[in-house]
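For reference, the structure is listed below as C-alpha coordinates.
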Amino acid sequence: MQFKSMIISNVEVSPGYWRMRMTAPSEFPAAQPGQFVMVRVNDAIDPLLRRPFGIFDVGVHTPAQTGAASQPYLEMLYRVVGKGTGMLSALHDTDLLDVLGPLGKGFELGSPKEEKIIVGGGVGLAPLYLLAKELVKQSPVRLFVGGRTRDDVLCITEFERLGVECYVATEDGSLGECGLVTEALVRRLAVCDGTPRIFACGPHGMLNAVAGIAAQRNIPCQVSLEGYMACGMGACLGCVTPGHHHSNETPDYRCVCADGPVFDAAELKWEA
Amino acid sequence: MKPDLSVSIAGLELRNPVMTASGTFGYGEEFAEYVDLETIGAFVTKGLSLRPRAGNPTPRIVETPGGMLNAIGLQNVGIDAFIEKKVPFLRSVATPAIANFFGNTIDEYAELARRLDAIPEIAGLEVNISCPNVKQGGIVFGTDPQCAFQVVTACREATIKPLIVKLSPNVTDIVSMAKACADAGADALSLINTLTGMAIDLERRRPVLANITGGLSGPAVKPVALRMVWQVARAVSLPIIGIGGIMNARDALEFILAGATAVQVGTASFINPGAAQEIAEGMEKWLAENGVEDVKSLIGALEA
(Lines give C-alpha, C1' and ligand atoms only; values in the text may rest on other atoms or scores of the structure.)
Protein backbone atom coordinates (compact mmCIF):
# COMPACT_ATOMS: atom_id res chain seq x y z
CA MET A 1 0.00 0.00 0.00
CA GLN A 2 0.95 3.63 -0.44
CA PHE A 3 0.38 6.11 2.37
CA LYS A 4 1.32 9.48 3.83
CA SER A 5 3.15 9.01 7.07
CA MET A 6 3.86 11.58 9.75
CA ILE A 7 7.18 11.48 11.56
CA ILE A 8 6.76 10.89 15.29
CA SER A 9 10.46 10.97 16.17
CA ASN A 10 13.79 10.94 14.34
CA VAL A 11 16.81 10.38 16.59
CA GLU A 12 20.52 9.76 15.98
CA VAL A 13 21.19 6.58 17.97
CA SER A 14 24.91 6.36 17.17
CA PRO A 15 27.11 8.64 15.04
CA GLY A 16 25.64 8.46 11.52
CA TYR A 17 22.82 6.05 12.41
CA TRP A 18 19.26 7.19 12.89
CA ARG A 19 16.05 5.68 14.14
CA MET A 20 12.76 7.09 12.90
CA ARG A 21 9.29 6.36 14.19
CA MET A 22 6.40 7.31 11.94
CA THR A 23 2.65 6.84 11.70
CA ALA A 24 1.27 3.94 9.68
CA PRO A 25 -2.16 2.72 8.56
CA SER A 26 -3.96 0.27 10.86
CA GLU A 27 -3.11 -2.75 8.61
CA PHE A 28 0.61 -1.98 8.71
CA PRO A 29 1.54 -3.68 12.00
CA ALA A 30 0.78 -7.02 10.27
CA ALA A 31 4.02 -6.56 8.27
CA GLN A 32 6.28 -9.64 8.35
CA PRO A 33 9.77 -9.33 9.83
CA GLY A 34 12.16 -8.79 6.91
CA GLN A 35 9.79 -6.77 4.76
CA PHE A 36 10.76 -3.25 3.76
CA VAL A 37 9.37 0.14 2.80
CA MET A 38 10.21 2.54 -0.03
CA VAL A 39 10.29 6.12 1.22
CA ARG A 40 10.19 9.30 -0.79
CA VAL A 41 12.25 11.82 1.16
CA ASN A 42 10.62 14.88 -0.48
CA ASP A 43 8.31 15.86 -3.34
CA ALA A 44 11.07 17.30 -5.52
CA ILE A 45 12.86 15.56 -8.41
CA ASP A 46 16.20 15.48 -6.59
CA PRO A 47 16.54 13.01 -5.02
CA LEU A 48 14.35 11.40 -7.65
CA LEU A 49 13.93 7.84 -6.45
CA ARG A 50 12.51 6.39 -3.28
CA ARG A 51 14.92 4.87 -0.78
CA PRO A 52 14.44 1.32 0.54
CA PHE A 53 14.56 0.72 4.30
CA GLY A 54 14.10 -2.41 6.36
CA ILE A 55 11.25 -2.29 8.86
CA PHE A 56 12.89 -2.11 12.30
CA ASP A 57 9.73 -2.29 14.34
CA VAL A 58 5.96 -1.97 14.12
CA GLY A 59 3.40 -1.46 16.84
CA VAL A 60 0.44 0.47 18.09
CA HIS A 61 0.96 3.37 20.46
CA THR A 62 -1.81 3.80 23.02
CA PRO A 63 -1.82 7.34 24.38
CA ALA A 64 -1.87 7.80 28.14
CA GLN A 65 -4.87 10.10 28.17
CA THR A 66 -8.23 8.37 27.89
CA GLY A 67 -10.24 8.94 24.76
CA ALA A 68 -7.25 9.60 22.49
CA ALA A 69 -7.07 7.26 19.49
CA SER A 70 -4.33 4.62 19.42
CA GLN A 71 -1.77 5.13 16.68
CA PRO A 72 -0.19 2.36 14.61
CA TYR A 73 3.45 3.13 13.78
CA LEU A 74 6.49 1.79 12.02
CA GLU A 75 10.16 2.35 12.74
CA MET A 76 13.19 2.43 10.50
CA LEU A 77 16.85 2.24 11.46
CA TYR A 78 19.01 3.87 8.80
CA ARG A 79 22.51 5.06 8.15
CA VAL A 80 23.26 8.38 6.50
CA VAL A 81 25.16 7.40 3.36
CA GLY A 82 24.25 10.10 0.85
CA LYS A 83 21.94 12.88 -0.14
CA GLY A 84 18.62 11.04 0.36
CA THR A 85 19.39 9.68 3.80
CA GLY A 86 21.03 13.00 4.71
CA MET A 87 17.78 14.80 3.97
CA LEU A 88 15.84 12.17 5.88
CA SER A 89 17.98 12.74 8.96
CA ALA A 90 17.22 16.47 8.81
CA LEU A 91 13.45 15.91 9.06
CA HIS A 92 11.54 16.53 12.29
CA ASP A 93 8.45 15.22 14.00
CA THR A 94 5.19 16.18 12.23
CA ASP A 95 6.98 16.24 8.83
CA LEU A 96 5.24 14.06 6.23
CA LEU A 97 6.69 11.28 4.09
CA ASP A 98 5.24 9.26 1.22
CA VAL A 99 5.70 5.54 1.94
CA LEU A 100 5.13 2.36 -0.10
CA GLY A 101 4.98 -0.92 1.76
CA PRO A 102 5.30 -3.29 3.41
CA LEU A 103 7.06 -4.77 0.38
CA GLY A 104 8.83 -8.03 -0.40
CA LYS A 105 9.04 -11.40 1.23
CA GLY A 106 10.02 -11.64 4.90
CA PHE A 107 11.66 -14.29 7.09
CA GLU A 108 10.20 -17.74 7.69
CA LEU A 109 10.28 -18.18 11.43
CA GLY A 110 10.85 -21.95 11.58
CA SER A 111 9.69 -24.28 14.32
CA PRO A 112 9.72 -23.59 18.11
CA LYS A 113 12.13 -26.50 18.77
CA GLU A 114 15.07 -24.88 16.98
CA GLU A 115 17.56 -22.52 18.57
CA LYS A 116 17.40 -19.24 16.64
CA ILE A 117 20.62 -17.52 15.70
CA ILE A 118 20.54 -13.99 14.32
CA VAL A 119 23.63 -12.48 12.72
CA GLY A 120 23.76 -8.78 12.00
CA GLY A 121 26.35 -6.29 10.86
CA GLY A 122 26.07 -2.50 11.10
CA VAL A 123 22.82 -1.14 9.73
CA GLY A 124 21.97 -4.72 8.72
CA LEU A 125 20.38 -4.92 12.15
CA ALA A 126 17.46 -2.90 10.74
CA PRO A 127 15.14 -5.81 9.84
CA LEU A 128 16.37 -8.08 12.66
CA TYR A 129 14.74 -6.43 15.64
CA LEU A 130 11.18 -7.11 14.50
CA LEU A 131 12.33 -10.65 13.69
CA ALA A 132 13.79 -11.11 17.18
CA LYS A 133 10.54 -9.81 18.67
CA GLU A 134 8.64 -12.59 16.91
CA LEU A 135 11.22 -15.31 17.53
CA VAL A 136 11.50 -14.81 21.29
CA LYS A 137 7.81 -15.73 21.54
CA GLN A 138 8.68 -19.32 20.65
CA SER A 139 12.39 -20.13 21.10
CA PRO A 140 15.64 -19.00 22.70
CA VAL A 141 17.34 -16.40 20.48
CA ARG A 142 21.02 -15.50 20.24
CA LEU A 143 22.23 -12.40 18.38
CA PHE A 144 25.73 -12.15 16.92
CA VAL A 145 26.40 -8.57 15.99
CA GLY A 146 29.43 -7.11 14.34
CA GLY A 147 30.70 -3.70 13.30
CA ARG A 148 33.91 -1.89 12.43
CA THR A 149 33.87 0.06 15.70
CA ARG A 150 31.54 0.38 18.69
CA ASP A 151 29.64 3.12 16.83
CA ASP A 152 28.51 0.53 14.29
CA VAL A 153 26.95 -1.72 16.92
CA LEU A 154 23.37 -0.58 17.27
CA CYS A 155 20.44 -1.06 19.60
CA ILE A 156 21.91 -3.92 21.66
CA THR A 157 19.96 -2.81 24.73
CA GLU A 158 16.69 -3.21 22.82
CA PHE A 159 17.58 -6.78 21.86
CA GLU A 160 18.65 -7.59 25.42
CA ARG A 161 15.36 -6.25 26.71
CA LEU A 162 13.61 -8.86 24.55
CA GLY A 163 15.61 -11.55 26.33
CA VAL A 164 17.99 -12.11 23.42
CA GLU A 165 21.50 -13.22 24.36
CA CYS A 166 23.89 -10.86 22.53
CA TYR A 167 27.48 -11.49 21.36
CA VAL A 168 29.36 -8.47 20.07
CA ALA A 169 32.50 -8.31 17.94
CA THR A 170 34.17 -5.23 16.50
CA GLU A 171 37.04 -5.12 14.04
CA ASP A 172 38.95 -2.61 16.18
CA GLY A 173 38.08 -4.24 19.50
CA SER A 174 36.35 -1.09 20.81
CA LEU A 175 33.37 -3.16 21.94
CA GLY A 176 33.07 -6.88 22.66
CA GLU A 177 35.48 -9.30 21.08
CA CYS A 178 38.11 -8.04 18.63
CA GLY A 179 37.55 -9.60 15.20
CA LEU A 180 34.75 -10.78 12.99
CA VAL A 181 31.39 -11.79 14.33
CA THR A 182 31.51 -14.99 12.29
CA GLU A 183 34.24 -16.34 14.61
CA ALA A 184 31.89 -16.15 17.60
CA LEU A 185 29.15 -17.67 15.44
CA VAL A 186 31.31 -20.69 14.56
CA ARG A 187 32.11 -21.29 18.23
CA ARG A 188 28.44 -21.22 19.15
CA LEU A 189 27.47 -23.61 16.35
CA ALA A 190 30.02 -26.11 17.66
CA VAL A 191 28.16 -26.44 20.97
CA CYS A 192 24.55 -26.09 19.75
CA ASP A 193 22.14 -28.89 20.56
CA GLY A 194 20.24 -30.09 17.51
CA THR A 195 20.01 -28.04 14.35
CA PRO A 196 19.63 -24.31 14.86
CA ARG A 197 18.27 -21.87 12.29
CA ILE A 198 20.26 -18.83 11.13
CA PHE A 199 18.92 -15.41 10.06
CA ALA A 200 21.40 -12.85 8.77
CA CYS A 201 21.52 -9.31 7.44
CA GLY A 202 24.56 -7.11 6.91
CA PRO A 203 27.40 -6.36 4.51
CA HIS A 204 27.75 -8.74 1.57
CA GLY A 205 31.08 -10.12 2.80
CA MET A 206 29.53 -11.07 6.12
CA LEU A 207 26.53 -12.71 4.45
CA ASN A 208 28.84 -14.61 2.13
CA ALA A 209 30.76 -15.96 5.12
CA VAL A 210 27.61 -16.83 7.07
CA ALA A 211 26.09 -18.60 4.07
CA GLY A 212 29.29 -20.65 3.73
CA ILE A 213 29.35 -21.56 7.43
CA ALA A 214 25.69 -22.64 7.29
CA ALA A 215 26.13 -24.65 4.10
CA GLN A 216 29.13 -26.58 5.50
CA ARG A 217 27.10 -27.61 8.54
CA ASN A 218 23.80 -28.14 6.75
CA ILE A 219 22.08 -25.50 8.84
CA PRO A 220 19.05 -23.71 7.40
CA CYS A 221 20.00 -20.09 6.81
CA GLN A 222 18.06 -17.11 5.54
CA VAL A 223 19.71 -13.89 4.47
CA SER A 224 18.22 -10.47 3.87
CA LEU A 225 19.87 -8.61 0.98
CA GLU A 226 20.24 -5.00 -0.09
CA GLY A 227 20.19 -3.83 -3.68
CA TYR A 228 20.10 -0.67 -5.78
CA MET A 229 16.47 -0.46 -6.79
CA ALA A 230 14.23 2.11 -8.41
CA CYS A 231 10.75 0.70 -7.85
CA GLY A 232 10.74 -1.90 -5.05
CA MET A 233 8.10 -3.96 -6.81
CA GLY A 234 9.84 -6.10 -9.39
CA ALA A 235 9.55 -3.80 -12.40
CA CYS A 236 12.89 -2.06 -12.84
CA LEU A 237 15.06 -5.20 -12.46
CA GLY A 238 17.82 -3.05 -11.02
CA CYS A 239 18.28 -5.00 -7.81
CA VAL A 240 18.68 -8.55 -9.11
CA THR A 241 20.96 -11.13 -7.52
CA PRO A 242 22.06 -14.39 -9.15
CA GLY A 243 20.30 -17.57 -8.06
CA HIS A 244 22.23 -20.76 -7.31
CA HIS A 245 22.06 -22.13 -10.87
CA HIS A 246 22.53 -18.82 -12.62
CA SER A 247 24.64 -18.65 -15.76
CA ASN A 248 24.49 -16.50 -18.87
CA GLU A 249 23.05 -19.40 -20.83
CA THR A 250 20.43 -20.26 -18.22
CA PRO A 251 19.74 -16.96 -16.48
CA ASP A 252 18.38 -17.20 -12.96
CA TYR A 253 18.29 -13.69 -11.58
CA ARG A 254 16.08 -13.02 -8.57
CA CYS A 255 14.71 -9.59 -7.70
CA VAL A 256 15.87 -8.55 -4.23
CA CYS A 257 12.71 -6.44 -3.91
CA ALA A 258 9.98 -8.85 -5.02
CA ASP A 259 11.53 -12.34 -4.69
CA GLY A 260 13.34 -11.23 -1.50
CA PRO A 261 14.76 -9.30 0.26
CA VAL A 262 14.87 -12.48 2.37
CA PHE A 263 16.20 -15.57 0.61
CA ASP A 264 17.10 -19.04 1.68
CA ALA A 265 20.91 -18.77 1.43
CA ALA A 266 21.02 -22.08 -0.46
CA GLU A 267 18.96 -20.55 -3.29
CA LEU A 268 21.62 -17.96 -4.09
CA LYS A 269 25.00 -18.01 -5.74
CA TRP A 270 27.86 -17.16 -3.35
CA GLU A 271 31.54 -16.53 -3.87
CA ALA A 272 33.65 -19.53 -2.85
CA MET B 1 -18.76 19.09 -20.15
CA LYS B 2 -16.24 16.29 -19.81
CA PRO B 3 -13.34 16.85 -22.19
CA ASP B 4 -12.67 14.21 -24.86
CA LEU B 5 -9.34 12.56 -24.17
CA SER B 6 -9.59 9.77 -26.70
CA VAL B 7 -6.97 9.49 -29.40
CA SER B 8 -6.26 7.07 -32.19
CA ILE B 9 -2.75 5.78 -32.84
CA ALA B 10 -1.97 3.50 -35.73
CA GLY B 11 -5.51 2.13 -35.65
CA LEU B 12 -5.55 1.70 -31.86
CA GLU B 13 -8.36 3.55 -30.18
CA LEU B 14 -7.13 4.79 -26.80
CA ARG B 15 -9.47 6.15 -24.12
CA ASN B 16 -6.79 8.73 -23.32
CA PRO B 17 -3.25 9.49 -24.51
CA VAL B 18 -1.45 8.02 -21.50
CA MET B 19 0.51 4.81 -21.98
CA THR B 20 3.17 3.23 -19.79
CA ALA B 21 6.70 2.84 -21.15
CA SER B 22 8.32 -0.53 -21.73
CA GLY B 23 10.52 -1.75 -18.90
CA THR B 24 8.90 0.47 -16.30
CA PHE B 25 5.60 -1.33 -15.83
CA GLY B 26 6.52 -5.02 -15.82
CA TYR B 27 3.87 -7.01 -17.65
CA GLY B 28 1.03 -4.90 -16.24
CA GLU B 29 0.09 -7.29 -13.47
CA GLU B 30 2.74 -5.97 -11.05
CA PHE B 31 1.03 -2.55 -10.97
CA ALA B 32 -2.59 -3.67 -10.77
CA GLU B 33 -2.68 -2.86 -7.03
CA TYR B 34 -1.73 0.77 -7.68
CA VAL B 35 -3.20 1.58 -11.10
CA ASP B 36 -6.66 0.82 -12.39
CA LEU B 37 -5.42 -0.36 -15.77
CA GLU B 38 -8.74 0.63 -17.31
CA THR B 39 -8.08 4.31 -16.59
CA ILE B 40 -5.06 4.55 -18.87
CA GLY B 41 -4.83 4.53 -22.65
CA ALA B 42 -2.58 1.51 -23.15
CA PHE B 43 0.33 -0.25 -21.51
CA VAL B 44 3.55 -1.51 -23.02
CA THR B 45 5.11 -4.69 -21.68
CA LYS B 46 8.77 -5.31 -20.86
CA GLY B 47 10.96 -5.77 -23.97
CA LEU B 48 10.94 -9.35 -25.27
CA SER B 49 13.57 -11.38 -27.04
CA LEU B 50 13.31 -14.81 -28.69
CA ARG B 51 15.18 -16.51 -25.86
CA PRO B 52 15.30 -15.56 -22.16
CA ARG B 53 17.98 -13.00 -21.53
CA ALA B 54 20.10 -12.67 -18.39
CA GLY B 55 20.82 -8.97 -18.64
CA ASN B 56 23.86 -7.20 -17.20
CA PRO B 57 25.70 -7.69 -13.91
CA THR B 58 24.92 -5.32 -11.03
CA PRO B 59 25.03 -2.44 -10.16
CA ARG B 60 22.51 -1.84 -12.91
CA ILE B 61 21.01 1.44 -11.83
CA VAL B 62 22.18 4.66 -10.25
CA GLU B 63 20.43 7.88 -9.52
CA THR B 64 21.76 11.10 -11.05
CA PRO B 65 20.47 14.65 -10.54
CA GLY B 66 16.87 14.68 -11.76
CA GLY B 67 17.24 11.31 -13.38
CA MET B 68 18.54 7.78 -13.28
CA LEU B 69 20.87 5.67 -15.36
CA ASN B 70 19.97 2.06 -16.07
CA ALA B 71 21.92 -0.74 -17.65
CA ILE B 72 19.53 -3.62 -17.10
CA GLY B 73 20.67 -5.22 -20.32
CA LEU B 74 17.18 -6.12 -21.53
CA GLN B 75 16.73 -8.96 -19.05
CA ASN B 76 13.46 -10.69 -19.91
CA VAL B 77 11.69 -14.03 -19.75
CA GLY B 78 11.71 -14.62 -23.51
CA ILE B 79 8.73 -14.99 -25.83
CA ASP B 80 7.79 -18.57 -24.81
CA ALA B 81 7.47 -17.79 -21.10
CA PHE B 82 5.73 -14.54 -21.99
CA ILE B 83 3.03 -16.42 -23.89
CA GLU B 84 2.65 -19.05 -21.21
CA LYS B 85 2.86 -16.93 -18.04
CA LYS B 86 2.12 -13.31 -18.86
CA VAL B 87 -0.42 -13.29 -21.69
CA PRO B 88 -3.27 -14.87 -19.67
CA PHE B 89 -3.42 -11.77 -17.45
CA LEU B 90 -3.74 -9.50 -20.49
CA ARG B 91 -7.01 -11.24 -21.39
CA SER B 92 -8.63 -9.85 -18.22
CA VAL B 93 -7.85 -6.19 -18.96
CA ALA B 94 -9.96 -4.06 -21.30
CA THR B 95 -7.02 -1.83 -22.22
CA PRO B 96 -4.77 -2.37 -25.23
CA ALA B 97 -1.54 -4.17 -24.35
CA ILE B 98 1.40 -3.40 -26.60
CA ALA B 99 4.33 -5.81 -26.70
CA ASN B 100 7.79 -4.27 -26.92
CA PHE B 101 10.45 -6.50 -28.51
CA PHE B 102 14.00 -6.53 -29.86
CA GLY B 103 16.44 -8.85 -31.61
CA ASN B 104 20.12 -9.29 -32.36
CA THR B 105 19.54 -9.83 -36.07
CA ILE B 106 16.94 -8.80 -38.60
CA ASP B 107 15.70 -12.40 -38.73
CA GLU B 108 15.15 -12.42 -34.98
CA TYR B 109 13.16 -9.20 -35.18
CA ALA B 110 11.00 -10.66 -37.95
CA GLU B 111 10.48 -13.92 -36.09
CA LEU B 112 9.36 -12.09 -32.94
CA ALA B 113 7.02 -9.84 -34.93
CA ARG B 114 5.47 -12.96 -36.51
CA ARG B 115 4.98 -14.67 -33.18
CA LEU B 116 3.54 -11.59 -31.47
CA ASP B 117 1.27 -11.03 -34.44
CA ALA B 118 -0.37 -14.37 -33.69
CA ILE B 119 -1.30 -13.45 -30.08
CA PRO B 120 -4.87 -12.10 -29.99
CA GLU B 121 -4.33 -10.45 -26.58
CA ILE B 122 -1.62 -8.22 -28.05
CA ALA B 123 -3.13 -5.09 -29.58
CA GLY B 124 0.04 -3.71 -31.09
CA LEU B 125 3.80 -4.06 -31.37
CA GLU B 126 6.52 -1.64 -30.35
CA VAL B 127 9.90 -2.45 -31.80
CA ASN B 128 13.00 -1.35 -29.93
CA ILE B 129 15.69 -0.62 -32.51
CA SER B 130 18.30 0.58 -29.97
CA CYS B 131 20.12 -2.78 -30.10
CA PRO B 132 23.38 -3.78 -31.75
CA ASN B 133 23.17 -5.71 -35.00
CA VAL B 134 25.44 -8.68 -34.30
CA LYS B 135 25.74 -9.51 -38.01
CA GLN B 136 26.95 -6.04 -38.90
CA GLY B 137 29.77 -5.42 -36.45
CA GLY B 138 27.46 -4.41 -33.64
CA ILE B 139 26.19 -1.20 -35.18
CA VAL B 140 23.03 -0.16 -33.36
CA PHE B 141 20.05 -0.62 -35.72
CA GLY B 142 18.51 2.61 -34.55
CA THR B 143 21.53 4.79 -35.23
CA ASP B 144 21.83 4.08 -38.93
CA PRO B 145 18.92 5.00 -41.23
CA GLN B 146 19.59 2.10 -43.61
CA CYS B 147 19.76 -0.48 -40.81
CA ALA B 148 16.61 0.96 -39.29
CA PHE B 149 14.86 0.81 -42.65
CA GLN B 150 15.79 -2.86 -43.08
CA VAL B 151 14.72 -3.96 -39.64
CA VAL B 152 11.42 -2.08 -39.75
CA THR B 153 10.71 -3.44 -43.23
CA ALA B 154 11.23 -6.98 -41.95
CA CYS B 155 8.89 -6.39 -39.00
CA ARG B 156 6.31 -4.74 -41.24
CA GLU B 157 6.22 -7.82 -43.48
CA ALA B 158 5.74 -10.02 -40.42
CA THR B 159 2.76 -8.30 -38.82
CA ILE B 160 -0.52 -6.69 -39.73
CA LYS B 161 -0.90 -5.31 -36.20
CA PRO B 162 -0.16 -1.67 -35.45
CA LEU B 163 3.63 -1.31 -35.56
CA ILE B 164 5.25 1.37 -33.43
CA VAL B 165 8.99 2.01 -33.78
CA LYS B 166 10.77 3.30 -30.67
CA LEU B 167 13.55 5.66 -31.64
CA SER B 168 16.93 6.10 -30.01
CA PRO B 169 17.95 9.69 -29.22
CA ASN B 170 21.63 8.76 -29.49
CA VAL B 171 21.87 9.94 -33.08
CA THR B 172 23.05 13.01 -34.92
CA ASP B 173 19.82 13.48 -36.85
CA ILE B 174 16.63 12.06 -35.35
CA VAL B 175 14.59 13.23 -38.36
CA SER B 176 16.47 11.02 -40.81
CA MET B 177 15.86 8.04 -38.54
CA ALA B 178 12.18 8.88 -38.28
CA LYS B 179 11.86 9.18 -42.05
CA ALA B 180 13.59 5.85 -42.63
CA CYS B 181 11.14 4.13 -40.26
CA ALA B 182 8.17 5.85 -41.86
CA ASP B 183 9.35 4.78 -45.33
CA ALA B 184 9.67 1.19 -44.07
CA GLY B 185 6.00 1.11 -43.10
CA ALA B 186 5.88 2.01 -39.41
CA ASP B 187 2.42 3.02 -38.21
CA ALA B 188 3.69 5.27 -35.41
CA LEU B 189 6.92 6.40 -33.77
CA SER B 190 7.65 6.52 -30.07
CA LEU B 191 10.49 8.68 -28.80
CA ILE B 192 12.75 8.99 -27.01
CA ASN B 193 14.44 5.89 -25.65
CA THR B 194 17.08 6.61 -22.98
CA LEU B 195 20.10 8.84 -23.61
CA THR B 196 23.40 7.05 -23.15
CA GLY B 197 25.31 8.37 -20.16
CA MET B 198 27.61 7.38 -17.34
CA ALA B 199 28.31 8.03 -13.69
CA ILE B 200 31.69 7.87 -11.96
CA ASP B 201 32.63 7.05 -8.39
CA LEU B 202 35.47 9.51 -7.81
CA GLU B 203 37.00 7.88 -4.71
CA ARG B 204 37.03 4.38 -6.21
CA ARG B 205 37.99 5.78 -9.61
CA ARG B 206 35.49 3.45 -11.19
CA PRO B 207 32.28 3.70 -13.16
CA VAL B 208 29.25 3.25 -10.92
CA LEU B 209 27.48 0.88 -13.30
CA ALA B 210 28.96 -2.57 -13.93
CA ASN B 211 28.20 -2.00 -17.62
CA ILE B 212 30.09 1.36 -17.44
CA THR B 213 27.45 3.18 -19.49
CA GLY B 214 23.68 3.23 -19.08
CA GLY B 215 20.54 4.90 -20.32
CA LEU B 216 19.50 8.19 -18.74
CA SER B 217 15.81 8.72 -18.03
CA GLY B 218 13.67 10.91 -15.82
CA PRO B 219 12.99 14.66 -15.69
CA ALA B 220 16.58 15.42 -16.72
CA VAL B 221 15.91 14.22 -20.29
CA LYS B 222 12.60 15.98 -20.85
CA PRO B 223 13.93 19.04 -22.69
CA VAL B 224 15.84 16.82 -25.13
CA ALA B 225 12.79 14.63 -25.66
CA LEU B 226 10.50 17.61 -26.28
CA ARG B 227 12.92 18.99 -28.84
CA MET B 228 13.12 15.67 -30.68
CA VAL B 229 9.35 15.13 -30.67
CA TRP B 230 8.89 18.63 -32.05
CA GLN B 231 11.49 18.10 -34.81
CA VAL B 232 10.05 14.74 -35.85
CA ALA B 233 6.45 15.93 -35.73
CA ARG B 234 7.24 18.68 -38.22
CA ALA B 235 9.00 16.34 -40.61
CA VAL B 236 6.95 13.14 -40.57
CA SER B 237 3.19 12.63 -40.87
CA LEU B 238 3.02 9.53 -38.62
CA PRO B 239 1.48 9.80 -35.15
CA ILE B 240 4.07 10.25 -32.43
CA ILE B 241 4.17 8.92 -28.88
CA GLY B 242 6.19 11.29 -26.72
CA ILE B 243 8.42 9.80 -24.02
CA GLY B 244 10.99 11.35 -21.72
CA GLY B 245 10.78 12.46 -18.12
CA ILE B 246 7.01 12.85 -17.95
CA MET B 247 6.18 13.17 -14.24
CA ASN B 248 2.79 14.92 -14.31
CA ALA B 249 -0.10 16.01 -16.51
CA ARG B 250 1.55 19.28 -17.47
CA ASP B 251 4.63 17.46 -18.79
CA ALA B 252 2.35 15.17 -20.82
CA LEU B 253 0.43 18.10 -22.32
CA GLU B 254 3.69 19.81 -23.29
CA PHE B 255 4.58 16.75 -25.38
CA ILE B 256 1.17 16.90 -27.04
CA LEU B 257 1.67 20.56 -27.91
CA ALA B 258 5.06 19.63 -29.38
CA GLY B 259 3.30 17.23 -31.73
CA ALA B 260 2.74 13.95 -29.87
CA THR B 261 -0.62 12.21 -30.17
CA ALA B 262 0.01 10.12 -27.06
CA VAL B 263 2.66 9.86 -24.36
CA GLN B 264 4.40 7.16 -22.36
CA VAL B 265 5.10 7.44 -18.66
CA GLY B 266 8.27 5.61 -17.62
CA THR B 267 10.54 6.47 -14.71
CA ALA B 268 7.64 8.21 -12.93
CA SER B 269 5.99 4.81 -12.34
CA PHE B 270 9.03 3.70 -10.32
CA ILE B 271 8.62 6.60 -7.93
CA ASN B 272 4.86 6.67 -7.90
CA PRO B 273 3.32 3.41 -9.12
CA GLY B 274 0.00 5.20 -9.68
CA ALA B 275 1.63 7.90 -11.85
CA ALA B 276 0.06 6.91 -15.20
CA GLN B 277 -3.47 7.01 -13.82
CA GLU B 278 -2.84 10.29 -12.00
CA ILE B 279 -1.43 11.84 -15.17
CA ALA B 280 -4.49 10.78 -17.19
CA GLU B 281 -6.78 12.24 -14.53
CA GLY B 282 -4.68 15.39 -14.31
CA MET B 283 -4.88 15.91 -18.07
CA GLU B 284 -8.64 15.70 -17.96
CA LYS B 285 -8.72 18.24 -15.17
CA TRP B 286 -6.40 20.63 -16.98
CA LEU B 287 -8.45 20.44 -20.18
CA ALA B 288 -11.67 21.09 -18.26
CA GLU B 289 -10.16 24.02 -16.37
CA ASN B 290 -8.79 25.52 -19.55
CA GLY B 291 -11.91 25.08 -21.63
CA VAL B 292 -10.36 22.58 -24.04
CA GLU B 293 -13.05 20.17 -25.23
CA ASP B 294 -10.84 17.75 -27.11
CA VAL B 295 -7.23 16.83 -26.40
CA LYS B 296 -6.75 16.23 -30.15
CA SER B 297 -7.04 19.98 -30.69
CA LEU B 298 -3.75 20.39 -28.79
CA ILE B 299 -1.70 17.96 -30.87
CA GLY B 300 1.08 19.98 -32.45
CA ALA B 301 -0.69 23.21 -31.45
CA LEU B 302 2.54 24.79 -30.27
CA GLU B 303 2.75 28.39 -31.41
CA ALA B 304 6.29 28.80 -32.58
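Atoms considered below: every heavy atom in the structure, side chains included; atoms not considered: hydrogens, waters and symmetry mates. Residue numbers start from 1 in every chain, and the chains themselves are labelled A, B, ... in the order their sequence lines are given, proteins ahead of strands. Please read these numbers as outputs of a predicted model, since none were measured by experiment.
Between A:Arg50 and B:Glu63 there is no salt bridge, since no side-chain N of the basic residue sits under 4.0 Å from a carboxylate O of the acidic one.
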May I have the step-by-step check of side chain to side chain contact (heavy atoms under 4.5 Å, CB included) for B:Arg60 and A:Tyr228, ending in yes or no? CA-CA 8 Å; B:Arg60 289 176 166 189; A:Tyr228 291 100; over 6 Å; no
Residues A:Met233, B:Phe270; criterion side chain to side chain contact (heavy atoms under 4.5 Å, CB included); working and verdict: CA-CA 8 Å; A:Met233 40 202 286; B:Phe270 291 154; over 6 Å; no
Show the numbers, then the answer: is there a side chain to side chain contact (heavy atoms under 4.5 Å, CB included) between B:Thr58 and A:Val240? CA-CA 7 Å; B:Thr58 57; A:Val240 296; 3.9 Å; yes
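A donor-acceptor pair is defined here as one N or O able to donate and one able to accept, closer than 3.5 Å; no such pair exists between the side chain of A:Gln2 and the backbone of B:Tyr34.
When each of B:Gly66, B:Ser269, B:Gly26 is checked for heavy-atom pairs under 4.5 Å with chain A, B:Gly66 comes out on top. Of the listed residues B:Pro57, B:Gly67, B:Gly218, the one with more heavy-atom pairs under 4.5 angstrom with chain A than any other is B:Gly67.
Scanning for side chain to side chain contact (heavy atoms under 4.5 Å, CB included) contacts around A:Lys269 gives A:Pro242, with sequence neighbours left out. Under the rule for a side chain to side chain donor-acceptor pair (under 3.5 Å), A:Glu108 has no partner lying at least two apart in sequence or in another chain.
Considering SG of A:Cys231 and CD of B:Glu30, their distance stands at 9.0 Å, rounded to 0.5 Å. Here the straight-line distance linking atom CD1 of B:Ile61 with atom SG of A:Cys236 works out to 4.5 Å at 0.5 Å rounding. Note that CG of A:Leu49 is 5.5 Å distant from CD1 of B:Ile271, once rounded to the nearest 0.5 Å. Note that the CG atom of B:Asn248 and the CD1 atom of A:Ile45 stand 10.0 Å from one another [nearest 0.5 Å].
Using a 4.5 Å cut-off between heavy atoms, B:Arg51 does not touch chain A at all.
Within residues 272-283 of chain B, the residues having any heavy atom under 4.5 Å from a heavy atom of chain A are, by residue number, B:Asn272, B:Pro273.
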Going by atom type alone, with no hydrogens or angles, which donor-acceptor pairs under 3.5 Å involve a side-chain atom of residues 80-88 of chain A and a protein atom two or more places apart or on another chain?
from    : atom 1 : to      : atom 2 : distance (Å)
A:Lys83 : NZ     : A:Asp46 : OD2    : 2.8
A:Thr85 : OG1    : A:Val81 : N      : 2.9
A:Thr85 : OG1    : A:Gly82 : N      : 3.1
A:Thr85 : OG1    : A:Gly82 : O      : 3.3

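Residue B:Glu254 qualifies as enclosed at atom CD: its count of foreign heavy atoms under 6.0 Å is above 12.
The two residues B:Gln75 and A:Leu237 come nearest to each other via the heavy atoms O-CD1, 3.7 Å.
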